[in-house]
There are 2 protein chains.
Amino acid sequence: MSGVTIYQVAREAGVSPSTVSNFLNGRPGRMLPQTRTRVADAIDRLGYRPNRAARQLRTGRIQVVGLVVPSVANPFWGNFARYLERAALADGYHVLLCNSEREPDRERRYLEELWADGIRGVVLCSSLPSLNHVLPLVEAGLSLVAFDRTAQAGDPGTLVNISVDNVVGAHLATAHLLELGHRRIAFVSGSLRSVNRRERFRGFTDALEQAGLDPAEAIVWSGGAEQEPYGDLDAAGLGRTAAHELLQSDYRPTAIVAINDMCALGISAGIRDAGLRVGEDVSVVGFDDIVLADLAAPPLTTVRQPIGDMAAAAFRHLLSRIDEAEASPSQSLLLRPELVVRASTGPAPEPRE
Amino acid sequence: MSGVTIYQVAREAGVSPSTVSNFLNGRPGRMLPQTRTRVADAIDRLGYRPNRAARQLRTGRIQVVGLVVPSVANPFWGNFARYLERAALADGYHVLLCNSEREPDRERRYLEELWADGIRGVVLCSSLPSLNHVLPLVEAGLSLVAFDRTAQAGDPGTLVNISVDNVVGAHLATAHLLELGHRRIAFVSGSLRSVNRRERFRGFTDALEQAGLDPAEAIVWSGGAEQEPYGDLDAAGLGRTAAHELLQSDYRPTAIVAINDMCALGISAGIRDAGLRVGEDVSVVGFDDIVLADLAAPPLTTVRQPIGDMAAAAFRHLLSRIDEAEASPSQSLLLRPELVVRASTGPAPEPRE
DNA sequence: ATGAAAGCGCTAACAT
DNA sequence: ATGTTAGCGCTTTCAT
């Protein structure tokens with residue numbers, strides 16, 4: 001402990017504890033200028049630092065929000081965490097980070113822990129279609145901002161959803177490949193249950209349909225539907241495996257839409273493993289635009305999420321929910337993604353045989 | 001709030017609050033089996049969850065440790081954070097994550113905040129040679145484990161240092177290049193002041209000397225000595241710039257030792273920008289072995305840090321420091337790195353002209 | 001084996 | 001303008 005209490009400060013300054021408290025809580029107008037100076041001096045001299053536990057116990061408030069991500073080992077989430085922290089810090093808040101590893105049970109346990117710690121606002125990065133596992137907490141009063149997950153039918157009535165427009169994003173990616181002349185396009189992802197996977201898949205099939213192709217004939221790889229949940233760390237391994245399998249099939253795709261950049265980088269590695277050239281023999285599009293997309297060889301064409309804006313929006317909404325006495329109605333914020341064309345995509349190769 | 005207090009539980013169970021408290025604090029032996037059951041039932045029925053603020057206020061203890069990293073946007077740190085969380089969780093601890101962006105002032109402010117929050121143990125990932133800016137906190141009783149930074153002369157007497165053996169690591173990397181026949185080898189890093197940069201540089205020059213080369217003639221690129229602190233995010237950009245500059249110089253290196261993997265990936269991109277082939281025209285070695293090292297094209301030869309072991313060790317040491325009444329003397333733990341040879345390094349090309 | 005009661009440091013109503 | 005005071009929920013002596 002710093003050990004110094006407001007009582008000691010009060011005695012040192014020759015005032016009462018409540019005056020010190022008033023000073024600390026932004027109500028310096030309630031005292032004479034000279035008193036204010038005396039208190040400030042005493043605080044300095046004693047090196048006083050408020051005890052947050054006591055403050056929290058008394059007020060019930062705490063300047064911490066929770067952040068639950070699948071895994072910070074994925075650079076996309078690491079980056080998001082950093083932006084969220086930046087936004088929080090500007091308002092004097094801390095961020096308590098939790099890795100769910102995409103396990104619903106861990107998500108629930110984490111939210112319960114955070115709640116028990118007095119944290120009243122959490123940004124939950126979950127792509128699960130149902131939020132039933134955390135519903136009791138929300139009903140108890142936990143403010144929740146769901147990130148990377150659009151609103152679903154059964155959602156609690158007070159949820160804020162912040163996400164990129166996945167349908168549009170995947171549509172952009174797929175349309176880009178179609179324009180390049182590709183017709184045998186594969187879609188690669190892990191878990192089928194994730195909300196953004198569904199949406200990105202829809203953007204994918206929509207684009208195919210618009211081009212007059214039959215989505216039913218599209219090549220879809222999901223690593224065996226039962227294999228889930230899968231860790232984020234394995235997104236890359238997943239992509240690599242997918243590439244291996246897809247490329248030795250008879251009906252080999254000339255282009256692949258990946259569920260995210262880590263997966264796309266794995267796919268690219270798998271394509272090279274097979275002795276083929278990325279962007280020439282096989283084109284690859286990712287999703288996210290992590291820093292490494294631009295460093296890859298060839299640089300990865302991808303759909304950029306405006307991650308800084310999204311993090312700022314997430315925190316802003318969270319804060320307003322926490323502060324407001326009564327829960328405002330649910331809303332969704334859908335940000336527009338942007339296609340970033342690099343060298344991992346190129347014209348469809350001439351048909352063989 | 002969950003709102004339920006031990007008083008309510010006590011009334012529901014027909015016992016006193018202290019009995020409930022005893023039950024909660026692992027002293028069930030102090031009551032009759034039937035009492036124990038009644039309390040357990042009451043807790044279940046009411047959905048009681050202890051209020052941590054109250055517990056902390058009373059005991060002064062809190063089950064949270066701090067983690068200060070340069071930036072989770074760097075996958076190495078994201079991965080480390082995840083491993084540390086895993087270790088902490090196993091002991092019922094949470095991890096409060098802070099990004100210092102390599103700014104000493106942010107490091108200090110964060111540690112002060114953590115201290116004020118009642119947190120008594122922090123893993124500080126700083127590569128600054130001096131820890132003077134946080135000395136007051138350590139003297140006040142903050143348990144500090146310095147990560148990725150070996151012990152320095154002026155360090156506080158109670159510090160635990162956990163790091164990979166940087167000298168050995170860089171030596172391995174450089175010796176590998178020398179064996180491949182390289183003689184014009186460059187060393188690329190950012191800030192000159194960081195401890196691990198110094199050590200890795202020493203491993204580099206040691207290896208050159210052992211091979212009979214004059215380290216004074218080694219090519220060293222540091223982005224302009226005054227340019228610091230630099231963010232981790234820019235490690236890649238830094239490497240890319242370095243490659244551009246080094247490759248258009250007269251005395252062009254045939255191999256480059258990078259301060260870390262992100263930097264190495266940037267260098268690789270820069271080599272390609274110049275129309276050269278990584279691993280053939282110019283070899284590159286990284287440091288860390290992040291997941292993406294294996295996915296790069298060509299896959300990156302690098303020095304692996306045993307990050308899982310290091311994270312577990314960091315938490316273990318931290319916990320023992322926090323628990324012990326009196327500070328045990330300082331110690332350092334230096335883990336052995338391992339060279340992972342991939343395709344970004346190859347035989348030195350025949351001298352031109 | 002169980003209970004009563006004090007107090008951790010702070011804030012905010014309510015005095016003065 | 002400033003002071004007094006009653007708790008917030010919990011743990012922990014010290015009774016019984």
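When reading the values below, keep in mind they use all heavy atoms of this one structure, side chains included, and skip hydrogens, waters and symmetry mates. Letters go in sequence order (proteins before strands), and every chain restarts at 1.
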Taken in chain and number order and not counting sequence neighbours, the residues that satisfy side-chain hydrogen bond (donor to acceptor under 3.5 Å, both in side chains) with Arg45(B) are Glu12(B)
Point to revise | His133(B) and Glu107(B): side chain donor to acceptor below 3.5 Å | key: yes
Exactly one candidate in Glu85(A), Arg82(A), Arg86(A) meets side-chain hydrogen bond (donor to acceptor under 3.5 Å, both in side chains) with Asn99(B); the answer is Glu85(A)
Ile43(B) atom CD1 is separated from dC10(D) atom P, nearest whole Å, by 10 Å
note: Asn25(B), atom CG; dG9(D), atom P; distance rounded to Å ~ 17 Å
- Under the 6.0 Å and 45° cation-pi test, does Arg49(A) pair with Trp115(B)? no
With sequence neighbours left out, the residues meeting side chain to side chain contact (heavy atoms under 4.5 Å, CB included) with Ile62(B) are Gln56(B), Val64(B), Ile119(B)
For nucleotides 3-8 of chain C, 5' to 3', base contacts (B), sugar-phosphate-only contacts (S) and non-contacts (-) with protein non-hydrogen atoms under 4.0 Å give BB-BBB
Using a 4.0 Å heavy-atom cut-off across all strands, classify Leu32(B) as base, sugar-phosphate, or nothing. sugar-phosphate
Run the ring-centre check on Tyr93(A) versus Phe315(A) and record whether the distance is less than 6.0 Å. yes
Asp117(A) atom CG is separated from dC10(D) atom C1', nearest whole Å, by 15 Å
note: Gln56(A), atom CD; dT11(C), atom C1'; distance rounded to Å ~ 14 Å
Between CZ of Arg55(A) and C1' of dA12(C) the distance, given in whole Å, is 13 Å
Between CZ of Phe23(B) and C1' of dT11(D) the distance, given in whole Å, is 16 Å
note: Arg61(B), atom CZ; dG9(C), atom P; distance rounded to Å ~ 15 Å
Whole-Å distance, Leu24(A) CG to dC10(C) C1', equals 10 Å
